[in-house]
Amino acid sequence: MDYNFREIENKWQDYWERDKTWQVEADPALPKYYVLDMFPYPSGAGLHVGHPEGYTATDIVARYKRMKGYNVLHPMGWDAFGLPAEQYAIQTGTHPSITTRRNCDTFRKQIKALGLGYDWNREINTTDPAYYKWTQWIFMKLYNTWFDDQRQKGRPIDELPIPAEIAAAGKKAVREYQNARRLAYYADAQVWWCSHCHIVCANEEVLNDGTHEKCGHIVTRRVLKQWMLRISQYAERLLEGLNSLDWPEGVKDMQRNWIGKSTGAEVEFPVKNHEHKIRVFTTRPDTLFGATYMVLSPEHPLADPLTVPEQKETIRAYLEEASKKSDLDRTDLAREKTGVFTGSYAMNPVNGEKIPIWIADYVLMGYGTGAIMAVPAHDTRDFEFAVKFNLPIRCIMDPMGAAPEEREQILKGKACWTEDGRYIHSADPLSGLDINGLNKDQGIETTIRWLERKQYGRKAVNYKLRDWLFSRQRYWGEPFPVIHWEDGEISLINESELPLVLPELENYQPGEHGESPLANAGDWLEVTGKDGRKGRRETNTMPQWAGSCWYYLRYIDPHNRERIFDPGKEAYWMPVDLYIGGAEHSVLHLLYARFWHKVLYDLGIVSTDEPFRKLFNQGMILAYAYETASGAKVPSNLVEEKDGRFFHTETGEELKQIVAKMSKSLKNVVNPDDVIKNYGADSMRLYEMFMGPLDAAKPWSENGIKGVYHFLNRVYRFFSSPENLYNGEEKNENILKVLHQTIRKVENDIEGLRFNTAVSQMMIFTNACIKKGKVSRDTASAFVRVLSPFAPHVAEELWERLGNPPSVVDAEFPAFNEEYLKEDRFEYPVSFNGKLRFKLELPVDMEENRIREAVLNDERSARWLNGKKPRKIIVVPKRIINVVV
RNA sequence: GCCCGGAUGGCGGAACUGGUAGACGCGCUGGACUUAAAAUCCAGUGGACAUUUUGUCCUUGGGGGUUCAAGUCCCCCUCCGGGUACCA
């Protein structure tokens, strides 16, 4: 008979609910532990098997830490703003809040069915006005903050020093001066527009092929007034902060790449017959002697002024083409370089040489200064361009480490060299700069010093990270607490007016030309100021990232109506000790949240500089799928298995089993509800942990879940049968040893998030008990506690049956005792020349020399020594013996 | 292109700072129980060869190297996954 998981699971889930087991409060007398899941978007499809993986992992850690005496904060909530609910509203007229509530109810029910111990008293929902009141409040803080570059710190806008000439120019000038420095600003932005969704997309939401990640349609460029956040000013802080974090190196690397710091120099090139100067950023100022032309990006402000009359028409056509090209062909794989000559020349500061100025779209306005000096001999892009347009290529570095033939080519300007070497042709008696013979590092340093002395340029740092486009043309998002006045002034609403609640609408359809659905909001839109001035509310809403940027802070004090949270509680619970979620949030969510957190820290609102101390990414759960020899996918319902091989039910063709993402079309989606119905929540939890390492992608297998289900049945059957248990202490040495090994291993594995091996150790223990046939109640009680974070329902039931009062949740996690783990003898593997030949059991405290004797005296050694004397005998205590002959 | 990560039996995966490769689970084979099946229990299970037994050889994607000893460290290569891309 299988154990009745349904009855047991219902019973204990009811108990935890009635008992309010998971409700916690800040308690300075106890050490705290804050364990957080990335909260889900409650989609209409319900929970997916991927969700419970991370949730189970955090639940195990939470339960374990609680048993270790920590006060554990483990909350859950909903990232519920988003497109699907709005799309559904457009189609059916159902208000998104109704859809959202329904979906949250489903998710909550499904999560509870897994026996996850969340404090539901702290549940939050980003779409709840009582929550987004504070999202709006943070936006107001961002608006009222500027970044002090000197102190590398955000400060209140009233502390921004106003230069005398600005102050003298009047209020408007002061306002503009401030607006140009606020962390949230409203400005013309070149944005990606998705004409399918009628929405602007952040750069991050546009895929490599120029399509919108949400809908797959091609996006186009537009200039629109949008809200932006000055995250780029926090680049250095965001980069620096990574060093102190216990995060996967891969995630840190991704963030570093995204921030994209590069050091080099800014150099100014005078233009012949013009007062303009072209400023460029370069990481290779040392190659100035090799600069043979310059390039401006098509959007560069000097593109037009520097065009000579005879070139006007050509340039105009090129600029137009370039602006169109950035729409569609920008991502062409075979991007052949294009460009046109302006007719103007710049002067190379190192040698006074006249070099032509071109315009080309391989130079981007959004990076550096939007202009470059081109050194074709030592930059692959410039090389490609120079070859195509027949521009001179001047090698100024004798390559080190290049093959002789390659070196020949490079010196002749027929190939490009970007590595280190020794400079040649890099001196000019007039300018006084000479770096011939130096290597790259020395060359860069010397050139920068020269540039600074001659005031042609300076050392400079550049970041790829750009400002964050923060508004969307959607209904279902946080409204901005902003009023646009008829005279063009922008102001925030009063804090007392928060939350600014989303108005009810008849029509959720966004406009064709970038108007948000809120433009239909009638009365809501119009405002009249005290002075009689008319204004209009902002009709854009915030992106979905907004709510998820700070939700972990609201869990701390979710019902506080007066403040965002109580500072004492914040100081107690923060930082998050462990944060688990999908790797898809490695860059954006985590970077945005860190940015907001740092601003709040600078303003004294939070007590830590970084929000998430330890981060871990769970891997994706995949499924088996099938394909024919030609690679065509076959839905799983058309596949049959025979003797471990797979065949198409209709054609009979043999199929290959592969691993793929779960998808409706492959018919291999696993529904957690079905799994719970057939095997129970404990099996579901245990299997998700047993599948493999938490961070690995791994395929779901029906047989795998049967394995852990089988294990739980064995556990239940054995430990719930009184005839298998005797009272008091454990008498069997071996059982005691395995028990304590298990306690130690499970403890270490939970701390290291290696749940798969923890489960396997518990299996080893159970096998040993069943083999023995009878163990003590002490042993059973210890094991049940070890098992409880993983399979809490079975554990509660057994705990009760062993005669303990509920609940095992508050029992102490057993401590392992080294005494029981000690071995006095060890079975040494004995190798000859590295090959294992036999085993020899010896006392562990035996001296090495005595061990050598013992090995040589063993009759089995004679065969391998073959009459020779051993050259050397290596003894590694409690590991191995190796005889070298 | 660049930056990460990975490759271990029929399958999912173990293996601490280099020290008995294949833990644990699945599957498979044989057996017990049963009228039978399921469930359960017991035994076996990397490959090849040999065998009455003791056994021998091979094996962690491929090739080199360091070492008494390499899945683990170093160099080169192949394939797979993720990120990113005219970033100057």
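Note on naming: letters A, B, ... go to the chains in the order of the sequence lines (proteins, then strands), and numbering restarts at 1 for each one. Keep in mind it's a predicted model, so treat the numbers as computed, not measured.
- A/Phe790 places its CZ atom 18 Å from the P atom of B/rC24, with the value rounded to the nearest Å.
- When distances run from any side-chain atom of A/Val884 to the nucleotides B/rC86, B/rC68, B/rC41, the shortest one goes to B/rC68.
- A/Phe711 places its CZ atom 22 Å from the P atom of B/rG12, with the value rounded to the nearest Å.
- If you check every strand for non-hydrogen atoms under 4.0 Å, A/Arg837 touches sugar and phosphate atoms only.
- Residue A/Gly250 is classed as a sugar-phosphate contact, given heavy-atom separations below 4.0 Å to backbone atoms only.
- Across all strands shown, A/Lys252 has no heavy atoms under 4.0 Å from either base or sugar-phosphate atoms.
- A/Pro877 places none of its side-chain heavy atoms less than 4.5 Å from the side chain of A/Phe826.
- Counted by atom type alone, A/Ser232 and A/Asp467 present one or more donor-acceptor pairs between their side chains at under 3.5 Å.
- There is no side-chain donor-acceptor pair under 3.5 Å between A/Ser297 and A/Tyr367.
- Judged by distance alone, with hydrogens and angles left aside, A/Asn703 brings no side-chain donor or acceptor close enough to the base of B/rC26 to form a pair under 3.5 Å.
- Closest to the A/Arg879 side chain, of the nucleotides B/rG19, B/rA23, B/rC86, is B/rG19.
- Backbone-only engagement by A/Tyr624 is indicated by non-hydrogen atom pairs under 4.0 Å involving sugar-phosphate atoms exclusively.
- Nearest nucleotide to the A/Asn882 side chain, out of B/rG19, B/rA88, B/rG25: B/rG19.
- Note on A/Arg754: nothing from the nucleic acid sits closer than 4.0 angstrom, heavy atoms only.
- RNA chain B is contacted by no residue of residues 373-380 of chain A, taking any non-hydrogen atom closer than 4.0 Å.
- In this structure, A/Asp361 atom CG and B/rC86 atom P are separated by 11 Å, rounded to whole Å.
- Between the side chains of A/Glu702 and A/Tyr679, a donor-acceptor pair is found at a separation under 3.5 Å.
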Just do the side-chain contact (heavy atoms from CB on, under 4.5 Å) check on A/Phe765 and A/Val786 with the steps written out, would you?
-> CA-CA 11 Å; A/Phe765 172 79; A/Val786 169; over 6 Å; no
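- Here the P atom of nucleotide B/rA14 and the CE atom of A/Met763 are 14 Å apart, to the nearest Å.
- Between A/Trp358 atom CH2 and B/rA88 atom C1' the separation is 18 Å, expressed in whole Å.
- If you check every strand for non-hydrogen atoms under 4.0 Å, A/Ser701 touches nothing.
- In the model, A/Ser636 has no side-chain atom that pairs as donor or acceptor with a side-chain atom of A/Asn668 under 3.5 Å.
- Residue A/Ile874 contributes atom CD1, which lies 8 Å from atom P of B/rA69 at whole-angstrom precision.
- What separates OH of A/Tyr362 from C1' of B/rA88 is a distance of 8 Å, to the nearest Å.
- Residue A/Thr757 places none of its side-chain N or O atoms closer than 4.0 Å to OP1 or OP2 of B/rA23.
- The aromatic rings of A/Phe385 and A/Tyr362 lie tilted to each other, with the angle between the two planes from 30° to 60°.
- For the OP1/OP2 pair of B/rG12 and a distance below 4.0 Å, the side-chain nitrogens and oxygens of A/Lys706 include no atom meeting the criterion.
- Side-chain nitrogen and oxygen atoms of A/Lys835 include at least one within less than 4.0 Å of the OP1 or OP2 phosphate oxygen of B/rC58.
- Residue A/Asn767 places at least one side-chain N or O closer than 4.0 Å to OP1 or OP2 of B/rG25.
- Side chains of A/Tyr709 and A/Asn678: no donor on one and acceptor on the other come within 3.5 Å.
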Report the secondary structure of RNA chain B in dot-bracket form, marking unpaired bases with a dot and bases paired to a different strand with |, and treating Watson-Crick or G-U pairs with both distances under 3.5 Å as paired.
-> (((((((..(((......[....)))((((((.......))))))((((.....))))..(((((..]....))))))))))))....
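- Listed pair A/His710 / B/rA39 fails the phosphate criterion, with no side-chain N or O lying under 4.0 Å from OP1 or OP2.
- Residue A/Asn756 places at least one side-chain N or O closer than 4.0 Å to OP1 or OP2 of B/rA14.
- To the nearest 0.5 Å, atom CE of residue A/Met763 and atom CG of residue A/Leu712 are 8.0 Å apart.
- Between B/rG65 and B/rG44, the distance separating the two P atoms is 40 Å to the nearest Å.
- Here B/rA23 presents its P atom at 17 Å from CG of A/Asp749, a figure rounded to the nearest Å.
- The side chain of A/Val876 approaches B/rG19 more closely than any other nucleotide in the set B/rG13, B/rC41, B/rG19.
- Side-chain N/O atoms of A/Asn833 and A/Arg871 include no donor and acceptor closer than 3.5 Å.
- The glycosidic torsion of B/rG25 lies more than 90° away from 0, which places this base in the anti conformation.
- With sequence neighbours left out, A/Asp379 forms a side chain to side chain donor-acceptor pair (under 3.5 Å) with A/Arg381.
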